[in-house]
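Have a look at the structure below before the remarks.
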Amino acid sequence: MKVFISYGSAADQVTALRLQALAGVNGLTAFVPPAYTREASTPAIDPQSAQKLSEAEILLGVVRSGLTEACRQELNTGVATHKTTIVMADPALAPQLQPFFGPNLVVIDPANPDRAELDIVQHLKAMNAGQNA
């Protein structure tokens, strides 16, 4: 199963990279866009990220420190193309994102983010197993 991990800001990249490593250990292929794509001067999704997003079956968003334009566009593309989209969000940003992602929004406990990461990876593994069955 291919997973595209979008993240809100450069500060969220650490969580995105941890998720990528956890996904790889659990037999999933995950792509995390490079940090330069989160800069304010980047108005559109870069070509490599667009290709990886197109190939992905799952879009996982990590929005803890804010939402960049690149992340917004990636999440909107995932929803528009009917990809399974899961967004991990900080409690402060959850009310802003809830109307768009509803039950696919996972609020991250800032004191225990590793628990949320493990839960997400377990959920993705279960989805992968279901697809392979």
Test side chain to side chain contact (heavy atoms under 4.5 Å, CB included) applied to Cys71 and Asn76, Val87, Thr37, Val63, the passing residue
Val63
On a heavy-atom basis, which atom in Val62 and which in Asp12 lie closest, and how many Å separate them?
O-OD2, 3.5 Å
Would you say Val107 and Leu97 are hydrophobically clustered, going by side-chain heavy atoms of ILVMFWY under 4.5 Å?
no
What is the minimum heavy-atom distance between Gln20 and Ile5, and which atoms define it?
N-CD1, 3.7 Å
Do Asp46 and Ser49 have side-chain N/O donor and acceptor atoms under 3.5 Å apart?
yes
Has the side chain of Thr77 got a donor or acceptor atom that lies under 3.5 Å from a matching backbone atom of Gln73?
yes
Nearest heavy-atom approach of Val3 to Ala56 is C-CB, 4.3 Å
According to a hydrophobic-cluster definition based on side-chain heavy atoms being under 4.5 Å apart (Ile, Leu, Val, Met, Phe, Trp, Tyr only), do Phe100 and Val79 belong together?
yes
Take Met88 and Leu60 through the test side-chain contact (heavy atoms from CB on, under 4.5 Å) and record every step on the way to the result.
CA-CA 8 Å; Met88 296 172 59; Leu60 178 58; 4.2 Å; yes
What are the two closest non-hydrogen atoms of Leu105 and Gln98, and how far apart are they?
CD2-OE1, 3.3 Å
Taking only residues two or more places apart in sequence or in another chain, which ones pass ring pair (Phe, Tyr, Trp, His ring centres under 6.0 Å) with Phe31?
Phe4
Are the side chains of Arg38 and Pro33 in contact, using a 4.5 Å heavy-atom criterion?
yes
Would Thr85 and Phe101 count as a side-chain contact (heavy atoms from CB on, under 4.5 Å) if you check the C-alpha gap in whole Å, the side-chain angles of each, and the deciding distance to 0.1 Å?
CA-CA 8 Å; Thr85 303; Phe101 301 106; 4.0 Å; yes
Mark yes when over 12 heavy atoms from residues, nucleotides or ligands other than Lys2 sit less than 6.0 Å from its NZ; otherwise mark no.
no
Please round to the nearest 0.5 Å and tell me the distance separating atom CG of Leu67 and atom CG of Leu75.
6.5 Å
Here the pair of heavy atoms bringing Ala16 nearest to Val32 is O-CG2, 3.6 Å
Looking only at non-hydrogen atoms, find the nearest pair between Leu53 and Glu74 and report the distance.
CD2-O, 3.9 Å
